[in-house]
Structures are given as structure tokens and as C-alpha cells.
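Remember, predicted model here, so these are calculated numbers, not experimental data. The basis for the numbers below is simple: all heavy atoms, side chains too, and nothing from hydrogens, waters or symmetry mates.
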Amino acid sequence: MSESEIRALYADLLDAWNRRDAAAYAAMFSDDANVVGFDGSQMNGRAELERTIGAIFRDHQTSAYVWMVREVRSISLDVAILRAVVGMVPPGGSSINPAVNAIQTAVAARHDGRWRLELLQSTPAAFHGRPEESARLTEELQSVFAETERQEARR
């Protein structure tokens, strides 16, 4: 397993979301992958995922992801788990919306030499009773967003 390949797969996934490209987003998944969304909704299979995400992009202004990978762990040569934290910046916004911070877990497997996601689960980062943890995560993600903005301004 190459940690850099798993990180790149995840970055490509969220970049596709940020570009509002449902086909590219769905292409990161295996044919029978599963996704559990922030609200608990589930999508099963690449085709359903592309249809559902495509409808979201058609019908809603979507926020952009900002993320930090916390861990990539090899389960075997062809299976890995990625854990990350994500925040979202509303369209036209300049800061993270803490209400939608989440913890994401992804399982990736290599098929015919290519890594694809088998599972993506988003869990709200509510930190019940620990507002300092929520604030810390928001600050951390905001600094990632600010650095990304600085890098894009240099281009």
C-alpha cells in the first residue's frame, strides 16, 4: 500500500466535489461502494452515487470541502483505511462553518492495480459537551483553508 496513493485518491474525491463534478466524484468509488452521509443518508453503488450527487449539484449551492488527513493505515497490501477531518466553506464565504465539521472514514481497496473507495462515512464532529474541541477543530481547518487561499492567490 502506498500512503501517498490513498491520500491522492481522497484529495481527488474532495476536489471533484469542490468542482461540482458528480461523474469524477463517483469515479473514485468501486461499482458497489457504500456512502453514509453527514445526515445518515446512504448511497449504494457508483451509479446511485453519481445520480444522487449530480442531483445535489443541480438543485443546491454546495459548500466547498477543506480537509486534513489524520491517518492512513494499511489493512493489507490491497486494503487501507483513511481517517480525516473536514469542514466546509459556504459559497462565497471566507470561513469554515463549524456546524458541518465532520470526521470522515474511508476504506479503499486496490482493484486491477487501481485504488477505489469502498466505503466513505461522514460523522458530525459535534463534540457534545466539549465546545473547546469543536473550536479547536474549526481553527485547525480554518488555517488549512487560509493556507489554501494563499497558495491559490500565488498562482
[Y] and [X], any side-chain heavy atoms less than 4.5 Å apart:
{"X": "Phe57", "Y": "Ile53", "result": "yes"}
{"X": "Arg70", "Y": "Val85", "result": "yes"}
{"X": "Met88", "Y": "Phe145", "result": "no"}
{"X": "Arg154", "Y": "Gln151", "result": "yes"}
{"X": "Phe29", "Y": "Leu120", "result": "yes"}
{"X": "Phe127", "Y": "Leu137", "result": "yes"}
{"X": "Val107", "Y": "Val79", "result": "yes"}
{"X": "Val72", "Y": "Ile81", "result": "no"}

Can you see which heavy atom on [X] is nearest to which on [Y], and at what distance?
{"X": "Leu49", "Y": "Ala26", "value": "CD2-CA, 4.2 Å"}
{"X": "Thr62", "Y": "Pro91", "value": "O-CG, 3.4 Å"}
{"X": "Glu5", "Y": "Arg110", "value": "OE1-NH1, 4.2 Å"}
{"X": "Arg83", "Y": "Glu71", "value": "NE-OE1, 2.7 Å"}
{"X": "Leu82", "Y": "Ala84", "value": "CD2-CB, 3.9 Å"}
{"X": "Asn18", "Y": "Ser63", "value": "OD1-O, 4.4 Å"}

* In sequence, state the C-alpha distance, the side-chain angles, and the governing distance for Glu133 and Arg136, and then conclude on salt bridge (charged side-chain N to carboxylate O under 4.0 Å, His left out). => CA-CA 5 Å; Glu133 291 295 322; Arg136 189 173 315 145; 2.9 Å; yes
Do [X] and [Y] belong together in a cluster built from hydrophobic side chains that touch within less than 4.5 Å?
{"X": "Tyr10", "Y": "Val89", "answer": "no"}
{"X": "Met68", "Y": "Tyr65", "answer": "no"}
{"X": "Val86", "Y": "Val100", "answer": "yes"}
{"X": "Met28", "Y": "Leu14", "answer": "yes"}
{"X": "Trp115", "Y": "Leu117", "answer": "yes"}

* Which residue, Gln104, Arg7, Glu3, forms the side-chain contact (heavy atoms from CB on, under 4.5 Å) with Val69? -> Arg7
* Asked: Would you say Glu132 has more than 12 foreign heavy atoms packed within less than 6.0 Å of its CD?
  -> yes
* Structure fact -> So CG of Asn34 and CD of Gln42: to nearest 0.5 Å the spacing works out to 7.5 Å
* To do: State the CG-CZ distance between Asp31 and Arg116, to the nearest 0.5 angstrom.
  => 7.0 Å
Can you confirm whether the side chains of [X] and [Y] place a donor and an acceptor under 3.5 Å from each other?
{"X": "Asp32", "Y": "Ser30", "result": "yes"}
{"X": "Asn101", "Y": "Ser134", "result": "no"}
{"X": "His111", "Y": "Glu118", "result": "yes"}

* N/O donor-acceptor pair under 3.5 Å between Gln142 side chain and Ile96 backbone -> yes
* Ion pair present between Arg46 and Glu50, side-chain N to carboxylate O less than 4.0 angstrom? -> no
* Verify side chain to side chain donor-acceptor pair (under 3.5 Å) between Asp39 and Ser41, making sure each step is shown before the conclusion. => CA-CA 6 Å; Asp39 65 351; Ser41 59; 2.7 Å; yes
